[in-house]
Amino acid sequence: MSHSGMRKRTAIRWGMIGIAALFIAVFSYWPTIQAFILSFQTGKGVNLKFSGGANYARLFSDKIFFTTVKNTLTYAVFAIPILIFLAMVFAVILNDPRLTGRGVYRTCIFLPCVTSMVSYSILFKYLFSTNGIVNNILSAMHLVDKPIQFIQDPVWAKVVIIVALIWRYTGYYMIFFLSALQNIDPCVYEAAQLDGATSAQTFRKITMPLLRPVIFLTSIMSLNSILQLFDEVKNLTDGGPGDATRTISEYIYDLSFKFVPTYGYAATVSFAVFVLVVTITVIQKAVMRSKDE
């Protein structure tokens, strides 16, 4: 290829990268910078004025904010380990070439991921209502004397949201594990079989260590998703009863559009979430690195 042809190809490549970088800068980085500036302002509309660290001082004395952080982290602590473990187990089972109908099973497990968030939230609200299917089954089995107020009870409402998260996202993260499993050399498993390793030992000693990078990736992705949790809670419980199930994202929405609009403080809460995500990610990465060593 001639020198001019190489230059032309290089220019085309940099042009394509430049266009993507421009869109990212305009629609992601610039709004982030504007939001950071906004977090130091108070007022609304064109009447915004610089307030120094007043919004951040308010943040540390905001009981509702700490309640939403507690609720959101509760969802993360219980939902993430369960859904990642189930995703990994399903992936291992459905990666077995001896299993017939693997495509059908994969589709069925993945289907909740493409279901409308509003639709599946309404479905779970119906399932766990006072006269819903779950209460009817529990009553028929004589496990409860009276219907459980799943949506109205602070603890049970959290349980419903956690179950909904597991139901929706397990299939999505299963795809990541399936992709990783298909890149593992089958000779590794053949060697383990020759050494007399059982299925449980193979899973614990070979599969899980080889999937550790994917476990870390899916943990961070699921954490980011749950820290931005909004639709499920909004449609299932609307943050209630009281603030028992309200998430950080729902609180940011309420500060911006439902309560008296305080865009500056809403931006402050958003950056608090950003700091929380970065902190948890760094800690998680350090833990994974220590295990590798």
Side-chain angles (χ1 to χ4, degrees), residues 1-41 43-46 48-51 53 55-56 72 76 80 84 87 91 110 113-118 168-169 171-184 210-231 247-250 252-253 255-257 261 263-286 288-289 292:
M1 184 181 293
S2 64
H3 183 66
S4 60
M6 289 287 293
R7 290 177 60 185
K8 184 177 180 181
R9 282 198 171 188
T10 302
I12 292 173
R13 291 167 183 168
W14 278 108
M16 296 176 69
I17 294 172
I19 293 172
L22 178 64
F23 275 100
I24 292 172
V26 172
F27 295 106
S28 181
Y29 294 148
W30 177 240
T32 302
I33 294 171
Q34 285 185 312
F36 181 68
I37 296 172
L38 182 61
S39 69
F40 291 97
Q41 297 176 325
K44 55 184 179 179
V46 295
L48 291 171
K49 59 182 181 180
F50 181 75
S51 62
N55 286 328
Y56 289 92
T72 306
I80 292 175
I84 288 180
F110 186 75
C113 306
V114 296
T115 306
S116 165
M117 288 189 177
V118 175
R168 178 174 177 82
Y169 290 106
Y172 176 72
Y173 294 113
M174 179 191 71
I175 300 300
F176 290 88
F177 287 105
L178 272 173
S179 177
L181 285 169
Q182 290 169 5
N183 289 322
I184 297 176
L210 290 175
L211 291 177
R212 189 167 292 168
V214 183
I215 294 173
F216 176 73
L217 172 65
T218 52
S219 298
I220 298 302
M221 292 176 64
S222 56
L223 177 63
N224 287 332
S225 298
I226 291 180
L227 287 176
Q228 299 175 50
L229 185 62
F230 178 81
D231 298 83
T247 61
I248 304 173
S249 294
E250 190 178 3
I252 294 171
Y253 172 86
L255 287 170
S256 301
F257 305 108
Y263 302 123
Y265 185 58
T268 304
V269 176
S270 300
F271 270 91
V273 177
F274 171 75
V275 172
L276 184 64
V277 171
V278 171
T279 302
I280 295 176
T281 302
V282 170
I283 294 173
Q284 195 169 13
K285 191 171 184 179
M288 294 291 288
R289 187 185 296 115
D292 290 335

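Every value quoted in this text rests on a predicted model; they were computed, and no experiment measured them.
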In Å, rounded to the nearest 0.5 Å, how long is the span from [atom1] of [X] to [atom2] of [Y]?
X	Y	atom1	atom2	answer
E250	L255	CD	CG	11.0 Å
L181	I184	CG	CD1	5.0 Å
I280	N224	CD1	CG	9.5 Å
T115	F110	OG1	CZ	10.0 Å
L178	N183	CG	CG	11.0 Å
F216	L211	CZ	CG	15.0 Å

Determine, step by step, whether T72 and L229 satisfy the side chain to side chain contact (heavy atoms under 4.5 Å, CB included) criterion, reporting the C-alpha distance in whole Å, the side-chain angles of both residues, the deciding distance to 0.1 Å, and the verdict.
-> CA-CA 8 Å; T72 306; L229 185 62; 5.5 Å; no
Between the main-chain N or O of [Y] and the side-chain N or O of [X], is there a donor-acceptor pair closer than 3.5 Å?
X	Y	value
T218	I215	yes
S51	F40	yes
S256	Y263	no

Please name the pair of heavy atoms, one in [X] and one in [Y], separated by the smallest distance, quoted to 0.1 Å.
X	Y	answer
C113	G171	SG-C, 3.7 Å
I84	S219	CD1-OG, 3.4 Å
N55	Q41	ND2-O, 2.9 Å
A91	F177	CB-CB, 3.5 Å
V26	P31	O-CD, 3.2 Å

Side chains of Y173 and S222: does their closest heavy-atom pair fall under 4.5 Å?
-> yes
Check the pair Q34 / L38 against side chain to side chain contact (heavy atoms under 4.5 Å, CB included), numbers first and verdict last.
-> CA-CA 6 Å; Q34 285 185 312; L38 182 61; over 6 Å; no
How are the rings of F257 and Y253 set to each other: parallel, tilted or perpendicular (split at 30° and 60°)?
-> tilted
Could you tell me whether Y172 atom OH has more than 12 heavy atoms of other residues or ligands within 6.0 Å of it?
-> no
Is atom CZ of F274 surrounded by more than 12 heavy atoms (other residues, nucleotides or ligands) closer than 6.0 Å?
-> no
Among Y56, F271, Y29, which residue meets the ring-ring contact (aromatic ring centres under 6.0 Å, His included) test with F36?
-> F271
